[in-house]
Amino acid sequence: MMEKTLTENVLEAVKTLYGKEADPSKIQVQETRKDFRGDLTVVVFPLLRYSGKLPEQTAEELGEYIRENNAQIGNYNVIKGFLNLEISNAAILDTFNKLIKHDPGFTSADHSNDYTTLVEYSSPNTNKPLHLGHIRNNLLGYSLARILSTCGHKVYKTNIVNDRGIHICKTMLAWKLYGKGSTPAETGVKGDHFVGDYYVRFEKEYRKEINELKSQGLSQEEAAERSSLMSQARELLRKWETGDKETVDLWKRMNEWVYEGFDTTYNALGVDFDKIYFESETYKPGREIVRKGLDDGVFYKKDDGSVWVDLSSDGLDEKLLLRADGTAVYMTQDLGTAVLRYKDYTFDHQYYVVGNEQDYHFQVLKIILGKLGYEWSEGIHHFSYGMVNLPEGKMKSREGKVVDADELINTMLSTAADMSGELGKLNDYTGEEKKSVYRKIGLGALKYFILKVDPRKNMMFNPAESIDFNGNTGPFIQYSYARIKSVMRKAADMGLVPADDTDGIELNAKERSLVNILRAFDTLIISAADELNPAIIANYVYELSKEFNQFYHDFSILGEENNMVRMFRLALTEYTGKVIGKAMWLLGIDMPERM
RNA sequence: GGUUCAGUAGCUCAGCUGGAUAGAGCAACGGCCUUCUAAGCCGUAGGUCGCAGGUUCGAAUCCUGCCUGAAUCACCA
């Protein structure tokens, strides 16, 4: 707001002083850097072409003009070609008084068009438990859903479960061969891990078999062809596709075990979905869509009967859509899912939270939907994010080099419990209350750690170093919040009510910068949505918390003698708490009242 | 090989629609708890912003080339 007014001021100034129409894009208003006096800075270099004068002189003239014509600007100073403007005390107070009239995170403007928007995230396979990569995915998706909904979208969170395919059949086979009828309930193993173990078992036995065949002089390819385990797995897939009762029953049973396990993990992570889709239900509609596309001449059939689409006019390759035997591939299912979802929701936008390894796939998906004549394909977006790497390198599920989601969450929770126990600040809490706080802190640390990095970038996860509760971390922000809550409780005990309108007091530097940071929140949410980047929120809330901690350290709130100032500081404290709380909510992080 | 993305302090990351002396946290070192929560605050030390050119009054930021790493170019998902 303030920035916009200033841009107009500069435009006027250039016109009045130099008689020229300035190009608005040449006017740069930015926040004044910390080590200079002022709140906002106009960079005058680009304006020299209008003034024909030296930078300092131009800045002086503009500064003088702005001070006279904009009541919100108090003082200014010029350093080289930078015009640093100080917002007047009254204007800061006025901004703050307006700010606290409504809760933070109220984003009006053109972004609140009541779009119907789908956010798909998680997308697990049912043959293994969730790992760290899924955690990043889930956290990004959940946060994106909250950011978009705050921007006025009607958001539905969806999940697509890959519950069919050869990998599931391998798992079923291993269980049949080696499971001896055991179950998660009976063994006490969490369902998804139970099933995952059989997937690992299959891979192990399969490798063993291959090695045996190779030792008999067969090549890798020949061994793979001769593998009895693999052919049994394929046989199961064939049976599943033809609806063989025994196979389908087992498939259902094992998937149920997995879903129970997933539910526990989702619950522990604190994410949820409005609707879950299953690929076993979308691959058939997908196949129909491909067949129809074939009839309409959008696709073509090769001699072997497989169906393809030619994307060379889009600068891409040919892409397979249906195998020669008529079975579905990944793209087939995704076409089916997309169309099904549009039928269900008539969405304006759909965001797929999927790793950047699938950039190409989603590019193709969107183009194909467009070719099929679905106008809504324009609203399809791939929220592409980078991989999570470990100090040892890439995560590899086949080699067991993964960070298991359940294990990680549990480590975070117990570390939080240990640390809280040592500090002993919650000794009067009941066991349940303590547990709830530990959970918030442990998960807060994990979520913040992952969300604070730019989603597009690959990130490094060092299990030992990542469990930190000091510095730029979730618990640091939660701690700032808990302090605020503590102050507010004390204030209530003292019968103090925060000022709802403050006038005529002189603000100190910390108060000024806090208000400046607070007023930036709403536009920040919009840019986080535009750029699909929760990290923007994370970095912001850290900066705000840090600033508040300095303010808290340097000045007394409740002990302030001037009552007007005290009530203002209380209001500032309260509102800061609201912004911190809302920002963390946007990240999907719960906040403790005490810690 | 083609395409895309990345390379900033010992480590993990900000900054990138061009602007002031490149910022945080961790790790290291040194201070601050009779005062609203020390999971905090303050300070010291630490950087050829991968390399080389170019555009510009001004480049970590834009362009070109090169080096390094990742992803992808599957009848896997």
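Just so we're on the same page: letters track the sequence lines, and every chain starts at 1. Heavy-atom basis, side chains included; hydrogens, waters and symmetry copies ignored.
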Between [N] atom [atom2] and [X] atom [atom1], what is the distance in whole Å?
X: A:Tyr542; N: B:rA14; atom1: OH; atom2: P; result: 14 Å
X: A:Asp314; N: B:rU3; atom1: CG; atom2: P; result: 18 Å
X: A:Ile477; N: B:rA14; atom1: CD1; atom2: C1'; result: 13 Å
X: A:Lys452; N: B:rG15; atom1: NZ; atom2: C1'; result: 15 Å
X: A:Leu316; N: B:rG2; atom1: CG; atom2: C1'; result: 12 Å
X: A:Ile517; N: B:rA24; atom1: CD1; atom2: P; result: 13 Å
X: A:Phe449; N: B:rC13; atom1: CZ; atom2: P; result: 7 Å
X: A:Glu3; N: B:rU17; atom1: CD; atom2: P; result: 16 Å

Using the [atom1] atom as the point on both nucleotides, what is the distance between [M] and [N], in whole Å?
N: B:rU37; M: B:rU48; atom1: P; value: 44 Å
N: B:rC51; M: B:rG7; atom1: C1'; value: 11 Å
N: B:rC13; M: B:rA20; atom1: P; value: 25 Å
N: B:rC67; M: B:rU21; atom1: C1'; value: 31 Å
N: B:rG69; M: B:rA74; atom1: C1'; value: 23 Å
N: B:rG54; M: B:rC73; atom1: P; value: 39 Å

inquiry  = Between A:Glu235 and A:Arg238 (salt bridge meaning N to carboxylate O under 4.0 Å), is one present in this structure?
reply    =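 Between A:Arg238 and A:Glu235 there is a salt bridge, with a charged N closer than 4.0 Å to a carboxylate O.
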key: NZ/NE/NH1/NH2 to OD/OE distance under 4.0 Å, A:Asp23 and A:Arg49   =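 A salt bridge is absent here (no side-chain N lies under 4.0 Å from a carboxylate O).
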key: Sub-6.0 Å ring centroid separation between A:Tyr352 and A:Phe362   =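 For A:Tyr352 and A:Phe362, the ring centres are under 6.0 Å apart.
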message = Let's test your reading of the model: under 3.5 Å, does the base of B:rA20 pair with the side chain of A:Asn84 as donor and acceptor?
response =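 Per atom types, the contact qualifies.
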query = Which string of ( ) [ ] | and . matches RNA chain B, if you list each base 5' to 3' and count Watson-Crick or G-U pairs only when both distances are under 3.5 Å?
reply = ((((((((.[[[[.)...(...]]]].(((((.......))))).....[[[[[..)....]]]]])))))))....
Could you list the residues that satisfy ring pair (Phe, Tyr, Trp, His ring centres under 6.0 Å) with [X], not counting sequence neighbours?
X: A:Tyr76; value: none
X: A:Tyr438; value: none
X: A:Phe469; value: none
X: A:Phe278; value: A:Tyr259

Distance check, rounded to the nearest 0.5 Å: [X] atom [atom1] versus [Y] atom [atom2]?
X: A:Lys319; Y: A:Gln363; atom1: NZ; atom2: CD; result: 10.5 Å
X: A:Asp590; Y: A:Met584; atom1: CG; atom2: CE; result: 9.5 Å
X: A:Lys170; Y: A:Arg234; atom1: NZ; atom2: CZ; result: 9.0 Å

message = Any residue in residues 22-29 of chain A with a heavy atom nearer than 4.0 angstrom to RNA chain B? Just list them by number, or reply none.
response =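 A:Gln28, in order of number.
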Salt bridge (Lys or Arg N to Asp or Glu O under 4.0 Å) contacts touching residues 356-365 of chain A (sequence neighbours left out) =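 As it turns out, there is no salt bridge (Lys or Arg N to Asp or Glu O under 4.0 Å) pair with a partner in residues 356-365 of chain A once direct neighbours are skipped.
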Sugar-phosphate, base or nothing in reach of A:Asp35, heavy atoms under 4.0 Å =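 If one applies the 4.0 Å heavy-atom cut-off, A:Asp35 turns out to touch a base.
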request  = Indicate the ring-plane relationship of A:Phe202 and A:Tyr206, choosing parallel, tilted or perpendicular according to the 30° and 60° boundaries.
outcome  =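 If you compare the ring of A:Phe202 with that of A:Tyr206, the planes turn out parallel.
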inquiry  = Does the plane of the ring in A:Phe449 sit parallel, tilted or perpendicular to the ring in A:Phe461? Use 30° and 60° as the thresholds.
reply    =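 It falls in the perpendicular class, over 60°.
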ask   = Under 5.5 Å between ring centres and under 30° between planes: does that hold for A:Phe82 against the base of B:rA20?
value =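 Yes; centroid distance and tilt both under limits.
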query = Within 45° of the ring axis of A:Trp308 and under 6.0 Å from its six-membered ring centre, is that where the NZ or CZ of A:Lys302 lies?
reply =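 Checked: cation-pi criterion met.
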Look for any protein N or O under 3.5 Å of an N or O in nucleotides 55-57 of chain B and output each such pair with its distance, or none.
none

key: Listed partners of A:Lys510 passing side-chain hydrogen bond (donor to acceptor under 3.5 Å, both in side chains), at least two apart   =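 With sequence neighbours excluded, A:Lys510 shows a side-chain hydrogen bond (donor to acceptor under 3.5 Å, both in side chains) to A:Glu547, A:Gln550, given in chain and number order.
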ring-ring contact (aromatic ring centres under 6.0 Å, His included) pairs, two or more places apart, involving residues 25-54 of chain A =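 The answer is A:Phe45-A:Phe82.
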request  = Heavy atoms under 4.0 Å is the rule here; annotate nucleotides 31-42 of chain B 5' to 3' with B where the base is hit, S where only the sugar-phosphate is, and - elsewhere.
outcome  = -----BBSBSSS
request  = Could you run through nucleotides 70-77 of chain B and give me one letter per nucleotide, 5' to 3': B if any protein heavy atom sits under 4.0 Å from the base, S if only the sugar-phosphate is that close, - if neither?
outcome  = SSSS-BSB
task = Identify whether the glycosidic angle of B:rC73 places it syn (within 90° of 0) or anti.
result =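 Here B:rC73 takes the anti form, which means its glycosidic angle is more than 90° from 0.
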ask   = Which sits closer to the 5' end of RNA chain B, A:Arg456 or A:Val44, going by the nucleotide each is nearest to?
value =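 Per heavy-atom nearest nucleotide, the more 5' residue is A:Arg456.
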request  = Determine whether the side chains of A:Asn472 and A:Tyr448 contain a donor N or O and an acceptor N or O closer than 3.5 Å.
outcome  =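 Judged by distance alone, the side chains do pair up.
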